[in-house]
Amino acid sequence: MPRHSWGLSMRTHGVRPSEKPPFAHTGTHPVRPSPLGPHLPGSAIARGVDRPLEARYPGLQPFDFFSQKCSLISPQEEEFHLSEMTGLFVASNADAGEGKDMQYDLTDEQKMLRDMVRRLAKEKIEPGARERDEKGEWDWNVVNLLRENGLMGVDFPEKYGGGGAGLLAFCIVVEELSRVEAATGLVPADQELGALPIMLAANEEQKAKYLPKLSTGEHLAAFALTESIGGSDVAGLKTKAVRKGDEYIINGVKTFITNGGVADVITVYALTDPSKGGHRGASVFIVEKGFPGFKVGKKEDKMGIRWSDTSELIFEDCRVPAENLLGEEGMGFHIMMKTLDFSRPGVAAQALGIAQGALDYAVAYAKERVAFGQPIIKFQGIAFKLADMAIAVEASRHLLYKTAALLQEQPKDMSKLPPELIRMSSMSKVMCGDTAMHVTVEAVQVLGGYGYIKEYPVERYMRDAKITQIYEGTQEIQRLVIANTL
Ligand code: COS
């Protein structure tokens, strides 16, 4: 690979490109094959993803650290980037039942993808973020930008036109987008969420029919679980589907559905046998927006992620072909649970990006803002705050990346996940969500009065962070899941 990921650190360390980087695999742990490397089953390359990065993300420009110094990346970001590259992630899958530890680092491809998305986000997404937040209106330009750059289906199977790059690469993309604007990070995250029931439980015909257009983003997906009575008690939800001949007739109302008003394809949870209750009597259906009896209701006006579409969906004798049932009747609860196990890292990545973005801004501000004759970062009250924020962000990233790396090795089907991975998925969502909330509140504090006004982005980050503690399972539900698997 002509541009390898050590470029920046070599320059920083004054090492010629031909020399081995001084920090390559010199940790105390013995070097073992990387689970994300090309040679192990489940890695993108092992799965036959050998197309060059540029071909898979066509609009993205490769970022060459040797030949140019990107003005968008501050010295502080370079340092951060360096720390990421030198970081050796150690994933233990002992808990996942294999009885051995393994080491991993981000692959060159993942690092390049991260750098390219980081640049795209800075150049093309950040400039319009404030205006989109103020207007609160869905913006197809952003969606088109993500489509053009192949970022709508990073973790979708290659067989159906997806990037096939895995959950970790997907998380990195969501993180980098959310670092400048959480609502943009939510676009690919919700595409993954809405399509996961299909990836996990659909038959070949259903996958071939729906996944290709979802992979490219030509069609948008939504995940319809929550109802006005709540989203936490999944087994207690009320929407019903009754079989009549070759169709199911769905009746009920779903609320707070991300992308609800713009989605082409919606995966909908409904009771097919109420006498068995939600755990055994629910099913999931693929509903297209044009199906008779389906309509979009109220669009919500939200505190944060303001331009993201959050709508009510109304099913009034909605007719769905029987062939659109996912799996078998009665599998609904398990399909939705497994979907959430795989999707929660996406929300964690959104939260992590928000936290990183707020930290970046607060650090830069604290270095420039002078009070009592010196930059405020020189005061311990501010410096320790920033240090604690940085600790939380870095720790969150490690937990999330490890979770994603382990989860992506699991088959995308309806086999049961090891409880330890279910736990890790919830842990990363809690950790990253709480970090995002804490770090953004502190970032506002560092900026003082400027943090509280809309001219500066940290109040937006703070408003956006809150939802990551609520959706895709509240932090309280995550703690329940964690406790139940201890
Ligand atoms: N994967 C596979 N199976 C699972 C599972 C999972 N992640 N979680 C639970 N199950 C199984 C259990 O093993 C149990 O199986 P058996 O009936 O065979 O014993 C069954 O499902 C019922 O499990 P449980 O009794 O734990 O279900 P509860 O009704 O108590 O609900 C919680 C469990 C609360 C964890 C679940 O409802 C949940 O995750 N709620 C939050 C949903 C959410 O995220 N909503 C946000 C809106 S969608 S964006």
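Just follow the structure's listing: the first ligand is 1, and inside any ligand the first atom is 1. Sequential numbering from 1 along the given sequence is applied to the chain's residues. These numbers come from a predicted model, not from an experiment.
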Of the protein's non-hydrogen atoms, which lies at the shortest distance from [atom], and what is that distance?
| atom | result |
| --- | --- |
| atom 30 (O) of ligand 1 | His279 NE2, 4.5 Å |
| atom 34 (C) of ligand 1 | Ile477 CD1, 3.8 Å |
| atom 10 (N) of ligand 1 | Phe333 CE2, 4.2 Å |
| atom 16 (P) of ligand 1 | Arg280 NH2, 3.6 Å |
| atom 14 (C) of ligand 1 | His334 NE2, 4.5 Å |
| atom 37 (O) of ligand 1 | Ser232 O, 3.2 Å |
| atom 26 (O) of ligand 1 | Asn484 ND2, 4.8 Å |
| atom 8 (N) of ligand 1 | Met337 CG, 3.8 Å |

**Study point:** atom 49 (S) of ligand 1 within contact range, any protein heavy atom under 4.0 Å
**Key:**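 When distances to the protein are checked, atom 49 (S) of ligand 1 has a heavy atom within 4.0 Å.
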Query - atom 32 (C) of ligand 1 touched by protein (heavy atom, under 4.0 Å) - result: no
Numbering the atoms of ligand 1 from 1, which are under 4.0 Å from a heavy atom of [X]?
| X | answer |
| --- | --- |
| Thr226 | 47 (C), 48 (S) |
| Lys416 | 2 (C), 3 (N), 13 (O) |
| Leu225 | 48 (S) |
| Gly473 | 43 (C), 44 (O), 45 (N), 46 (C) |
| Gly231 | 41 (C), 42 (C), 43 (C), 45 (N), 46 (C) |
| Val481 | 35 (C) |
| Asp341 | 1 (N), 6 (C), 7 (N) |
| Ile422 | 1 (N), 6 (C), 7 (N) |

> Of all the heavy atoms in Phe223, does at least one lie under 4.0 Å from an atom in ligand 1?
Replying inline: yes
| message | Quick check on Arg344 - does any of its heavy atoms sit under 4.0 Å from an atom of ligand 1? | response | yes
What is the ring orientation for Phe333 with His279, classed by angle as parallel under 30°, tilted 30 to 60°, or perpendicular over 60°? perpendicular
Donor-acceptor pair, distance only, cut-off 3.5 Å: does the side chain of [X] make one with the backbone of [Y]?
| X | Y | result |
| --- | --- | --- |
| Arg118 | Leu177 | no |
| Ser215 | Tyr160 | yes |
| Asp309 | Gly261 | yes |
| Arg344 | Glu472 | yes |

Show the nearest heavy-atom pair for residues Asp133 and Arg306, with the distance to one decimal.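 Scanning both residues completely, I find the closest heavy atoms to be O-NE, 2.8 Å.
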Between [X] and [Y], is any side-chain donor less than 3.5 angstrom from a side-chain acceptor?
| X | Y | value |
| --- | --- | --- |
| Glu181 | Tyr461 | no |
| Gln469 | Thr474 | no |
| Glu148 | Asn144 | no |

Q.
I want to check a possible cation-pi pair here: Lys412 against Phe342, using under 6.0 Å from ring centre and within 45° of the ring axis as the test.
A. yes
Go through the steps for Ser426 and Gln478 under the test side chain to side chain donor-acceptor pair (under 3.5 Å), then give the verdict. CA-CA 5 Å; Ser426 287; Gln478 307 309 325; 2.8 Å; yes
I'd like to know whether Thr239 forms a side chain to side chain donor-acceptor pair (under 3.5 Å) with Glu227, so could you lay out the CA-CA distance, the side-chain angles of the two residues, the decisive distance to 0.1 Å, and finally the verdict.
CA-CA 8 Å; Thr239 294; Glu227 298 175 10; 2.8 Å; yes
